[in-house]
Number of protein chains: 2
Amino acid sequence: MTTPQSVEADLGWALFATVRYYRQISEDVLAELPGGARGYQVLAAAGRGDPSSQLALAQQLGVDRTVMTYLLDDLETAGLVERKPDPADRRARRILLTDAGEAALCDAHRCLRAAEETLLEPLEPAEREGLRSMLHRLATRTDPSGTPINCTEAAALTDPEPLPPRRRRARR
Amino acid sequence: MTTPQSVEADLGWALFATVRYYRQISEDVLAELPGGARGYQVLAAAGRGDPSSQLALAQQLGVDRTVMTYLLDDLETAGLVERKPDPADRRARRILLTDAGEAALCDAHRCLRAAEETLLEPLEPAEREGLRSMLHRLATRTDPSGTPINCTEAAALTDPEPLPPRRRRARR
DNA sequence: TATTGTTATACTCTATAACTATA
DNA sequence: TATAGTTATAGAGTATAACAATA
């Protein structure tokens with residue numbers, strides 16, 4: 001039998017649970033920051049002086065470009081970022097931090113680091129850097145293969161029919 | 001200055017990006033399984049013969065009990081689980097795997113393990129177990145303190161006003 | 001023609017509230 | 001009275017499609 005002995009042995013479950021926890025503490029700490037953890041990441045990217053078009057930011061954060069528009073609307077309304085037309089491509093806009101945005105980023109970064117230490121508390125100090133390093137490598141993978149993952153056997157076993165219509169069925 | 005030099009130094013960003021990747025590969029691999037990765041985790045918990053009331057499962061997966069109802073509806077419709085009244089508490093229902101559910105779980109587990117190895121490819125083989133162990137400990141933390149995290153300084157700096165109404169403002 | 005950004009709209013997911021049945 | 005589960009509804013969050021401006 002190859003099934004796991006406990007949920008905890010499940011990498012996916014552990015990942016989701018950890019992210020859930022991270023989301024919670026970052027929401028507490030960044031409650032006043034528009035967009036929460038996501039807003040922070042936008043500020044961090046802009047503060048680094050990256051190329052930072054809206055599209056580039058959206059791809060970096062793994063969200064749709066329309067979502068980035070709303071996110072930046074909130075950050076701009078709060079006075080933390082500016083949208084400046086890119087002189088090299090007048091379709092694009094470069095996202096720049098305001099002074100207030102810089103201060104907010106710096107402060108949020110400090111708070112987040114403290115919260116992260118709480119998150120990482122169950123680990124040995126030496127392990128914490130190891131985890132950061134590993135997640136960093138996983139997140140920045142070059143993904144050279146591009147080989148699409150499929151597992152048709154599983155598909156066939158679990159359910160031959162495509163079960164197209166989902167959810168909301170009446171009963172009783 | 002204490003701001004990070006790159007997004008990649010941001011633990012939150014790395015976590016989110018990794019989960020995004022995991023979600024993608026697990027969706028590919030578990031496409032036919034109702035509920036995707038979440039459905040798999042329900043099957044895995046049920047297959048373990050845990051207490052497994054719907055509420056217990058919901059808490060384990062970090063979802064609302066109403067979400068668990070919908071999830072189990074789909075799994076039951078697909079013939080993978082059964083809801084059996086708990087003889088000890090007739091309000092509750094124990095979630096049991098059917099034979100088809102057992103087969104689907106076993107197969108999904110095998111496929112998922114393979115997909116996880118793809119995910120973990122950037123790491124040394126020895127590191128992979130270390131990552132699993134660390135995430136396991138983070139996810140199963142006892143959280144003895146319960147001290148609520150707050151960071152009022154950050155709140156004050158980033159935005160004194162609570163900015164209550166959010167999103168969808170007209171422009172132009 | 002293709003791309004960036006915006007807007008409106010539709011859809012999906014999740015949470016809230018009300019209810020039934022048990023305790 | 002409180003809890004497990006269900007259902008309908010409302011609310012987030014996200015994606016789709018159409019458009020303007022620019023390449």
Side-chain angles (χ1 to χ4, degrees), chain A residues 16 19-20 23-24 27 31 34-39 41-42 46 50-77 81-96 163-172, chain B residues 16 19-20 23-24 27 31 34-39 41-42 46 50-77 81-96 163-172:
Chain A
F16 291 160
V19 163
R20 209 153 52 227
R23 214 182 290 273
Q24 187 193 300
E27 265 168 27
R38 197 165 269 173
Q41 283 160 10
V42 172
D50 281 358
S52 318
S53 72
Q54 295 189 192
L55 192 59
L57 285 173
Q59 287 166 344
Q60 204 165 36
L61 268 65
V63 300
D64 194 84
R65 59 187 176 147
T66 62
V67 174
M68 184 54 62
T69 296
Y70 303 138
L71 197 44
L72 289 171
D73 284 351
D74 293 340
L75 290 169
E76 196 174 36
T77 300
V81 302
E82 275 180 332
R83 286 192 246 226
K84 301 245 288 186
D86 183 339
D89 181 347
R90 301 213 334 262
R91 293 172 302 180
R93 304 183 171 199
R94 302 205 158 243
I95 305 307
L96 302 174
L163 44 123
R166 267 212 218 171
R167 284 188 54 174
R168 279 329 106 118
R169 281 164 315 301
R171 231 177 314 154
R172 264 186 193 175
Chain B
F16 290 159
V19 163
R20 208 152 53 227
R23 212 181 290 272
Q24 186 194 300
E27 265 168 27
R38 198 167 268 170
Q41 283 160 9
V42 172
D50 282 359
S52 318
S53 73
Q54 296 190 192
L55 192 59
L57 285 173
Q59 288 165 343
Q60 204 166 35
L61 269 64
V63 301
D64 194 82
R65 57 186 178 149
T66 62
V67 174
M68 185 54 62
T69 296
Y70 302 138
L71 197 44
L72 288 171
D73 284 351
D74 293 340
L75 290 169
E76 197 175 35
T77 300
V81 302
E82 274 181 332
R83 288 191 245 226
K84 300 245 287 186
D86 183 339
D89 181 348
R90 300 212 336 260
R91 294 172 302 181
R93 303 184 171 197
R94 302 206 159 242
I95 305 307
L96 302 174
L163 42 123
R166 267 212 218 169
R167 284 186 55 174
R168 277 333 103 112
R169 281 164 316 297
R171 229 177 317 156
R172 270 191 186 172

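To find a chain, count down the sequence lines: A is the first, B the second, and so on, and within it residues start at 1.
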Trainee: For A:L61, does its backbone N or O pair with a side-chain atom of B:R20 as donor and acceptor, under 3.5 Å?
Mentor: yes

Trainee: For A:G62 and A:P87, find the nucleotide of DNA chain D closest to each by heavy atoms; which residue's nucleotide sits nearer the 5' end?
Mentor: A:G62

Trainee: Under a 4.5 Å cut-off applied to non-hydrogen side-chain atoms, are B:R23 and B:V19 in contact?
Mentor: yes

Trainee: How many Å lie between CG on A:D64 and C1' on D:dA17, as a whole number?
Mentor: 11 Å

Trainee: Side chains of B:E82 and B:I95: does their closest heavy-atom pair fall under 4.5 Å?
Mentor: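 When only atoms from C-beta onward are counted, B:I95 and B:E82 do not touch, as no gap falls below 4.5 Å.
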
Trainee: Does C:dT6 have OP1 or OP2 sitting under 4.0 Å from an N or O in the side chain of A:T69?
Mentor: yes

Trainee: Could you tell me the separation between the CG atom of B:L61 and the P atom of C:dT14, rounded to a whole number of Å?
Mentor: 11 Å

Trainee: Between atom CG in B:D74 and atom C1' in C:dT12, what is the gap in whole Å?
Mentor: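 To the nearest whole Å, that distance equals 13 Å.
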
Trainee: Picking from C:dT7, D:dT7, C:dT14, which would you name as closest to the side chain of A:T66?
Mentor: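 Nearest to the side-chain atoms of A:T66, counting from C-beta on, is C:dT7.
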
Trainee: Would you kindly give the CD-to-C1' distance between A:E27 and D:dG13, to the nearest whole Å?
Mentor: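 Rounded to the whole Å, the gap is 13 Å.
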
Trainee: Show, in sequence, the C-alpha distance, side-chain angles and deciding distance for B:R83 and B:D73, and conclude whether the side-chain contact (heavy atoms from CB on, under 4.5 Å) test is met.
Mentor: CA-CA 10 Å; B:R83 288 191 245 226; B:D73 284 351; 2.3 Å; yes

Trainee: By nearest nucleotide on DNA chain D, pick out whichever of A:V67 and A:D86 is the more 5' one.
Mentor: A:V67

Trainee: Using whole Å, report how far NZ of A:K84 lies from P of C:dT4.
Mentor: 21 Å

Trainee: Without decimals, in angstroms, what is the distance between B:R23 CZ and C:dT12 C1'?
Mentor: 13 Å

Trainee: C:dT14, OP1 or OP2 - any side-chain N/O from B:R38 closer than 4.0 Å?
Mentor: yes

Trainee: Let me confirm one number: the CD-CZ distance from B:Q54 to B:R93, rounded to the nearest 0.5 Å.
Mentor: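 So the CD of B:Q54 and the CZ of B:R93 are separated by 6.5 Å.
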
Trainee: Show each protein N/O and nucleotides 1-4 of chain D N/O combination with a separation under 3.5 Å, one pair to a line.
Mentor:
| residue | atom | partner | partner atom | Å |
| --- | --- | --- | --- | --- |
| D:dT3 | O4' | B:R91 | NH1 | 3.3 |
| D:dT3 | O2 | B:R91 | NH1 | 2.9 |

Trainee: Separation of B:M68 atom CE from D:dT7 atom P, in whole Å?
Mentor: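 Computing the B:M68:CE to D:dT7:P distance gives 16 Å.
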
Trainee: Any side-chain heavy-atom pair from A:Q41 and A:Q60 closer than 4.5 angstrom?
Mentor: no

Trainee: Can you name the salt bridge (Lys or Arg N to Asp or Glu O under 4.0 Å) partners of A:R91, sequence neighbours left out?
Mentor: A:D89

Trainee: Rounding to an integer number of Å, can you tell me how far A:R83 CZ sits from C:dG5 C1'?
Mentor: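 So the CZ-C1' distance, A:R83 to C:dG5, works out to 9 Å.
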
